[in-house]
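All remarks here apply to the structure that follows.
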Amino acid sequence: MRARPISPESLVAEVVERVDAVQGRWVRVAVDGAPAAGTGDLAERLVSPLRERGREAVRVRAEDYLRPASIRLEHGHHDPDSYYLSWFDTAGLAREVLQPLGPNGTGQVLPALWDPAADRSPRMNRIALPDRGVAIVDGPLLQGAGLDFDLVVHLWLSEAALHRSTPEDQRWTLPAFERYADEVDPASLADLVVRTDHPDRPAVIDSFH
């Protein structure tokens, strides 16, 4: 594995450059990784510099595309297999975010489909992304589900760092991420892999295997 140290600011700049290089009317970006890897933080930090380049950007959180509790929690609140297979509404994410930004899409994006706290739709309005607009989808388990992204950034944690950085009340999800690594091998699929064992000292992995 070859790692290239990079500052957090330079990482944002590199991702923005990669987004800018993607051809197409709109760009669909995934920031994939365990919550402990900081996917939400990186996604949020991409918005302003993209807008400074004239690219309107909308952030979509995978946690706003959960399935209803009756499906999600069918086997209890702490079942890692359910988390891996049943928690996230990937079909809804494709239908409401990714397909509208495809070659024949409308550009109309729904930023959130489900409010897990209320266990109902948040009834949000769609956002019309103009030409050159970017949708940034951040969250776990985004690869291997047939989702059509134009650019995938995978934030990778070593096994020790993943265990160390995951809060106690979320450690029940760890077997799901082990399964994801074994079955999907997300680092091999991503366009850019970033090691985030130390968030203030990330490293781009130029060769993972």
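Note that this is a predicted model, so its numbers are computed, not measured.
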Task: Steps toward side-chain contact (heavy atoms from CB on, under 4.5 Å) verdict (Leu101, Asp148) - done: CA-CA 10 Å; Leu101 301 181; Asp148 198 3; over 6 Å; no
Task: Worked check of salt bridge (Lys or Arg N to Asp or Glu O under 4.0 Å) between Asp197 and Arg164 - done: CA-CA 9 Å; Asp197 286 13; Arg164 181 177 67 248; 5.3 Å; no
- [ ] In sequence, state the C-alpha distance, the side-chain angles, and the governing distance for Arg67 and Glu74, and then conclude on salt bridge (Lys or Arg N to Asp or Glu O under 4.0 Å).
- [x] CA-CA 11 Å; Arg67 290 193 170 102; Glu74 181 180 1; over 6 Å; no
TODO: Might you work through the salt bridge (Lys or Arg N to Asp or Glu O under 4.0 Å) test for Asp115 and Arg120, ending with a clear yes or no?
DONE: CA-CA 5 Å; Asp115 179 349; Arg120 60 176 174 77; 5.4 Å; no
- [ ] Apply the test side-chain hydrogen bond (donor to acceptor under 3.5 Å, both in side chains) to residues Trp114 and Asp119: give CA-CA distance (whole Å), side-chain angles for both, the deciding distance (0.1 Å), then the verdict.
- [x] CA-CA 7 Å; Trp114 200 254; Asp119 200 34; 3.0 Å; yes
- [ ] Output, in order, the C-alpha distance, side-chain angles, deciding distance and verdict of salt bridge (Lys or Arg N to Asp or Glu O under 4.0 Å) for Asp206 and Arg4.
- [x] CA-CA 7 Å; Asp206 291 316; Arg4 170 166 51 92; 3.3 Å; yes
- [ ] Could you go through the side-chain contact (heavy atoms from CB on, under 4.5 Å) check for Gln108 and Glu96 one step at a time?
- [x] CA-CA 8 Å; Gln108 301 277 336; Glu96 304 294 351; over 6 Å; no
Task: His163 and Leu174: CA distance, side-chain angles, deciding distance, side-chain contact (heavy atoms from CB on, under 4.5 Å) verdict - done: CA-CA 7 Å; His163 281 257; Leu174 291 174; 3.4 Å; yes
Task: Candidate pair Asp138 and Glu63, rule side-chain contact (heavy atoms from CB on, under 4.5 Å), full reasoning - done: CA-CA 9 Å; Asp138 63 272; Glu63 64 187 50; over 6 Å; no
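Hydrophobic clustering keeps Val19 apart from Val58 (ILVMFWY residues linked when any side-chain heavy atoms are closer than 4.5 Å, directly or through intermediates). Follow the hydrophobic side-chain contacts under 4.5 Å out from Leu151 and you reach Ile136 in the same cluster. Note on Val97 and Trp26: same hydrophobic cluster, where clusters join Ile, Leu, Val, Met, Phe, Trp and Tyr whose side-chain heavy atoms are under 4.5 Å apart, directly or indirectly. Linking ILVMFWY side-chain heavy atoms closer than 4.5 Å, directly or via other members, places Val152 and Val204 in two distinct hydrophobic clusters. Linking ILVMFWY residues whenever their side-chain heavy atoms come closer than 4.5 Å, directly or via other members, leaves Val60 and Val153 in distinct clusters.
Tested against Pro140 for a side-chain contact (heavy atoms from CB on, under 4.5 Å), the candidates Tyr84, Phe88, Tyr180 yield a single pass: Phe88. Looking at Arg55, Glu56, Arg25 one by one, the single match for side-chain contact (heavy atoms from CB on, under 4.5 Å) with Pro130 turns out to be Glu56. The residue from Val27, Val29, Leu98 that alone fulfils the side-chain contact (heavy atoms from CB on, under 4.5 Å) condition with Phe149 is Leu98.
Within the 4.5 Å cutoff, the side chain of Arg195 has no heavy atoms near those of the Leu157 side chain. Residues Arg59 and Pro111 have side chains not in contact (no heavy-atom distance under 4.5 Å, counting atoms from C-beta outward). Between Phe177 and Pro186, the closest side-chain pair of non-hydrogen atoms is not below 4.5 Å. The closest side-chain heavy-atom distance from Pro8 to Pro199 is not below 4.5 Å.
Using modelled atom types, no side-chain atom of Asp32 and backbone atom of His154 make a donor-acceptor pair closer than 3.5 Å. Judged by distance alone, the side chain of Ser188 and the main-chain N or O of Asp185 form a donor-acceptor pair under 3.5 Å. Here the side chain of Ser10 pairs no donor or acceptor atom with the backbone of Ile6 at under 3.5 angstrom. Checking side-chain atoms of Arg171 against main-chain N and O of Thr166 turns up a donor-acceptor pair under 3.5 Å.
When every heavy atom of Gly54 is checked against every heavy atom of Arg132, the shortest pair comes out as O-NH1, 3.4 Å. Closest non-hydrogen pair, Leu189 versus Gly144, comes out as CD1-N, 4.5 Å. Nearest heavy-atom pair across Pro49 and Val12 is CG-CG1, 3.8 Å. In plain terms, the two heavy atoms of Ala3 and Ile205 that are nearest each other are CB-CD1, 3.8 Å. Nearest heavy atom pair, residue Leu50 against residue Val134, reads CD1-CG1, 4.2 Å. Pairing each heavy atom of Thr90 with each of Ala145, the nearest pair is CG2-CB, 4.1 Å.
Separating the CZ atom in Arg201 from the CG atom in Leu11 is a distance of 14.5 Å, to the nearest 0.5 Å. The line from CG of Asp41 to CG of Leu46 is 9.5 Å long, rounded to the nearest 0.5 Å. Taking CZ of Arg72 as the reference point, atom CG of Leu66 lies at 5.0 Å (rounded to 0.5 Å). Note that the CD atom of Glu178 and the CG atom of Leu162 stand 8.0 Å from one another [nearest 0.5 Å]. To the nearest 0.5 Å, atom CG of residue Leu42 and atom OG1 of residue Thr196 are 9.5 Å apart. The CG atom of Leu141 sits 9.0 Å away from atom OG1 of Thr173, with the distance rounded to the nearest 0.5 Å.
Surrounding CG of Asn104 are at most 12 heavy atoms belonging to other residues, nucleotides or ligands under 6.0 Å away. The neighbour count for Asn125 CG, taken as heavy atoms of other residues, nucleotides or ligands under 6.0 Å away, does not exceed 12. At most 12 non-hydrogen atoms from other residues, nucleotides or ligands lie less than 6.0 angstrom from CD of Glu159.
For the side chain to side chain contact (heavy atoms under 4.5 Å, CB included) test, residues two or more places apart in sequence or in another chain that qualify with Ser82 are His75, Asp79, Trp87.
The pair Asp191-Arg18 does not meet the salt-bridge criterion, since no charged nitrogen lies less than 4.0 angstrom from a carboxylate oxygen. Between Arg61 and Asp64, at least one side-chain nitrogen of the basic residue sits less than 4.0 Å from a carboxylate oxygen of the acidic one, meeting the salt-bridge criterion.
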